[in-house]
2 protein chains.
Amino acid sequence: MKSKKRVTIYDIAQRLNVTASTVSRALSNNGYVNEATKQLVLKTAAELNYKRNTLASNLRMGQTQTIGVVVPRINQNFFSNVIAGIEAITYQKGYNLIICQSDELHEKEVKCVNTLINQHVDCIVISVSADSYNYDHLQNVLDQGIRLIQFDRVAEELETLKVINDNEQASFEAICHLIGQGYKKIALLEGPQNLNIFRQRKIGYLRALEKFNILVDETIVVENAWTKELGAEATRKLLSLRTPPDAIFASTSDFSALGVLEVATAMGFKVPTQLGICGYSNEAFTEITSPSITTIDQFSVNMGTAVANLYFDELGNKDTSVTPKTISIKPELIVRASSSKKSQV
Amino acid sequence: MKSKKRVTIYDIAQRLNVTASTVSRALSNNGYVNEATKQLVLKTAAELNYKRNTLASNLRMGQTQTIGVVVPRINQNFFSNVIAGIEAITYQKGYNLIICQSDELHEKEVKCVNTLINQHVDCIVISVSADSYNYDHLQNVLDQGIRLIQFDRVAEELETLKVINDNEQASFEAICHLIGQGYKKIALLEGPQNLNIFRQRKIGYLRALEKFNILVDETIVVENAWTKELGAEATRKLLSLRTPPDAIFASTSDFSALGVLEVATAMGFKVPTQLGICGYSNEAFTEITSPSITTIDQFSVNMGTAVANLYFDELGNKDTSVTPKTISIKPELIVRASSSKKSQV
DNA sequence: TATTTTTCTGCAATCGATTGCATATTCAAA
DNA sequence: TTTGAATATGCAATCGATTGCAGAAAAATA
């Protein structure tokens with residue numbers, strides 16, 4: 001029942017007493033074809049409900065008009081937005097998207113990348129998983145002559161096109177803002193330091209402290225606090241210190257910041273008067289918590305369009321090697337109630 | 001620079017002085033191959049960094065181990081969760097996912113489906129766009145011998161496998177709950193009625209009213225209020241009525257419910273005492289608004305796994321036609337503060 | 001030892017679309 | 001009318017992997 005034989009160009013050719021070559025030329029608008037013949041072919045193709053077999057075509061042409069995307073989690077806001085951004089552009093160009101998710105696992109990421117290579121995608125777009133410990137698989141992509149674009153979480157040592165956020169600057173500005181609001185002792189919830197984004201955010205934090213001659217207090221810098229639960233746990237400890245911090249920068253995510261807010265409220269700390277909070281990512285919910293949470297917008301959809309445009313502008317059909325290039329998108333600090341001590345007073 | 005020639009089975013064959021047939025058999029573990037030869041092939045393949053060309057393989061084999069997914073919006077929570085669910089299963093089975101987004105546009109949806117057909121995906125999984133006005137393109141999928149599974153928003157008249165939520169029942173229960181809490185005049189914010197899900201939710205609403213002998217008041221049934229803005233606008237009107245409703249069921253989405261909440265609060269209506277609110281979808285933010293919003297959880301990730309499992313269990317490699325079958329997932333009413341009048345008093 | 005069975009490998013066709021080259025036809029310029 | 005260019009179409013190879021068939025070699029059985 002299933003495999004009703006698909007219609008091919010040979011079927012059309014036979015019916016019109018021409019060869020497949022002619023049909024192919026008519027359909028692809030390539031080379032000389034008599035206008036009348038062409039119309040006939042088109043008409044017959046429509047009648048027979050012909051659909052081009054992209055597999056065959058791609059095999060012959062040596063390219064697939066397909067871009068493979070590997071992200072840690074498809075259903076994480078930031079990534080699904082980036083994907084949507086990529087899609088907006090690739091769709092216009094008639095490109096397809098194969099989406100893989102690494103689940104933050106290096107092993108799975110490697111498998112995904114290999115599958116994409118096997119699929120002969122024209123380009124692989126990736127944001128690496130949190131536990132990446134080497135980038136051989138990405139080097140491999142390059143070796144196979146496949147374009148590679150990294151975004152957000154990137155392996156800095158690989159010479160590829162990259163689209164990143166200026167995490168350091170954003171983080172720096174966030175801390176400056178907190179200091180400007182009068183907070184004196186600012187804790188940092190940091191993410192896995194093997195990821196560039198978290199390293200950069202920490203650097204921004206340190207740079208801001210330095211600027212204001214504040215000594216770094218390692219006891220209020222908490223590692224790996226990047227979920228709501230971990231953020232909550234860290235906060236419980238921080239606020240139980242003899243001299244607790246008066247602000248917490250959840251540099252990992254807004255979820256973490258939410259954990260901070262909930263625990264702080266539960267422990268009777270008034271936000272923002274007794275405790276300032278700043279998150280990262282501008283998740284939708286940050287606007288509607290009470291108080292609303294100060295955070296950093298990453299322009300995720302734009303990041304996606306930037307990635308796609310980069311491909312078409314820089315790599316597209318060019319056959320030459322490409323000079324590595326990094327596009328940096330400036331995130332925006334969004335000041336909300338959770339860190340507005342001055343305006344509150 | 002770019003097109004470093006990829007290694008093929010012929011390269012391996014040449015090096016070992018055998019034919020491609022042997023190499024193919026060795027690599028695919030198919031048919032007779034001398035163990036020693038096989039090991040040699042495997043070793044050489046690894047050395048040369050050989051990657052199978054899936055295009056060629058798929059063309060020859062007539063199937064792609066790929067499933068195409070079409071959703072209205074990739075970066076909409078519900079859909080990205082379903083996709084994540086699908087991915088979890090398909091990944092285990094070694095299948096690939098091509099993701100398309102219809103942007104709620106019928107025309108684009110048709111194009112996406114056609115692309116997927118051209119790509120010879122083994123199965124298309126779709127949730128139709130809001131402005132679908134016919135389903136020829138889906139019939140076409142079937143005609144091409146491609147499996148089709150619909151989920152959530154389905155074209156009921158098409159005889160395919162379907163995975164849906166029991167929207168009617170969920171809606172019914174939500175209204176019963178509101179009535180049970182003492183709300184007497186319950187407004188409905190409804191979605192586009194060409195979509196099954198919104199029709200069903202309305203039916204559930206009507207059925208619940210009927211059960212309690214409440215007459216339907218058409219003036220408090222608002223069409224197409226499925227964004228936050230539209231929900232807000234509708235609420236502004238509803239609450240300005242001479243006798244405003246004392247509860248609003250935003251059957252379209254939690255965003256709409258959020259709009260309701262914001263406007264109600266702004267207009268000085270106390271939630272839940274003066275106005276009960278119930279949303280739909282259990283978006284993350286519903287838990288952290290104040291008051292938190294009563295809503296309905298759709299088990300979106302499960303829906304994805306159900307879809308994928310359905311494919312492998314029912315369609316997989318079977319060559320027969322399939323009896324249409326509908327899997328209905330029971331959503332769960334999550335009662336929160338926004339509708340808990342009794343417990344408040 | 002003769003015969004059958006099993007294992008191994010190669011040949012060549014196949015999947016469907018594309019394209020360089022060759023041939024044939026048309027049309028226009030000389 | 002002759003010549004050259006432009007137009008139309010066909011032939012056959014190609015992309016890379018798979019597989020039915022056939023022959024050869026090895027192993028098992030009579």
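Protein chains get the first letters and strands the later ones, always in sequence-line order, with residue 1 at the start of each. Given the structure is predicted, the values throughout are model-derived calculations rather than measurements. Quick note: numbers below take in every heavy atom, side chains included, and nothing from hydrogens, waters or symmetry partners.
As judged by a 4.0 angstrom heavy-atom cut-off over every strand, B:Arg25 is placed among the base-contacting residues. Nucleic acid contact for A:Asp11: none, since no nucleic acid atom lies under 4.0 Å from a heavy atom of the residue. Contacts of B:Asn30 with the nucleic acid, taken as non-hydrogen atoms under 4.0 Å apart, involve only primed sugar atoms and P, OP1 or OP2. Among the heavy atoms of the strands lying under 4.0 Å from A:Thr37 are primed sugar atoms or P, OP1, OP2 only; no base atom is included. Using a 4.0 Å heavy-atom criterion, one finds that A:Ser24 contacts the bases of the nucleic acid, with or without backbone contacts as well.
Both tests hold for B:Lys108 against A:Tyr91: distance to the six-membered ring centre under 6.0 Å, angle to the ring axis within 45°.
None of B:Ile164, B:Val163, B:Leu138, B:Val307 except one satisfies the side-chain contact (heavy atoms from CB on, under 4.5 Å) rule with B:Gln150; the exception is B:Leu138. Residue A:Leu310 forms a side-chain contact (heavy atoms from CB on, under 4.5 Å) with just one option from A:Ile89, A:Val125, A:Leu161, and that option is A:Leu161.
Between the CG atom of A:Asn118 and the C1' atom of D:dC15 there is a distance of 16 Å, given to the nearest Å. Rounded to whole angstrom, the span from the CE atom of B:Met61 across to the C1' atom of D:dG16 amounts to 13 Å. Distance A:Leu40 CG to D:dT9 P: 10 Å, rounded to the nearest Å. For the pair B:Leu27 CG and D:dA17 P, the interatomic distance rounds to 9 Å; values are reported in whole Å. When rounded to the nearest whole Å, the span between CG of B:Leu55 and P of D:dG16 equals 10 Å. We find that CD of A:Glu35 is positioned 18 Å from P of C:dT26, with the value rounded to whole Å. Put simply, CG on B:Asn58 is 12 Å from P on D:dT19, counting in whole angstrom units. Rounded to a whole Å, the CZ atom of A:Arg60 is 16 Å from the C1' atom of D:dA17.
Taking only side-chain atoms of A:Ser57, from C-beta outward, the nucleotide of C:dG16, C:dG10, C:dA17 with the closest atom is C:dA17. Among D:dG16, C:dA17, D:dG10, the nucleotide with an atom closest to any side-chain atom of A:Thr8 is C:dA17.
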Problem set entry | Working for side-chain hydrogen bond (donor to acceptor under 3.5 Å, both in side chains), residues A:Gln65 and A:Asp122 | CA-CA 6 Å; A:Gln65 309 248 102; A:Asp122 294 344; over 6 Å; no
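Sequence order on DNA chain C of the closest nucleotides to A:Ser21 and A:Asn53 puts A:Asn53 first from the 5' end. For the pair B:Lys38 and B:Ala56, both in contact range of DNA chain C, the more 5′-proximal nearest nucleotide belongs to B:Lys38. Both A:Tyr10 and A:Asn34 sit near DNA chain D, but only A:Asn34 has its closest nucleotide nearer the 5' end.
Remark: A:Glu159 CD is loosely packed, at most 12 non-hydrogen atoms of other residues, nucleotides or ligands lying under 6.0 Å away.
Between B:Thr22 and C:dC8 there is no side-chain N or O to OP1 or OP2 distance below 4.0 Å. B:Tyr32 has a side-chain polar atom (N or O) that falls below the 4.0 Å cut-off from OP1 or OP2 of C:dT7. An OP1 or OP2 oxygen of C:dC15 is reached within less than 4.0 angstrom by no side-chain nitrogen or oxygen of A:Arg6.
Ring geometry for A:Phe312 against A:Tyr95 counts as perpendicular: the plane angle is over 60°, on a 0 to 90° scale with 30° as the lower cut.
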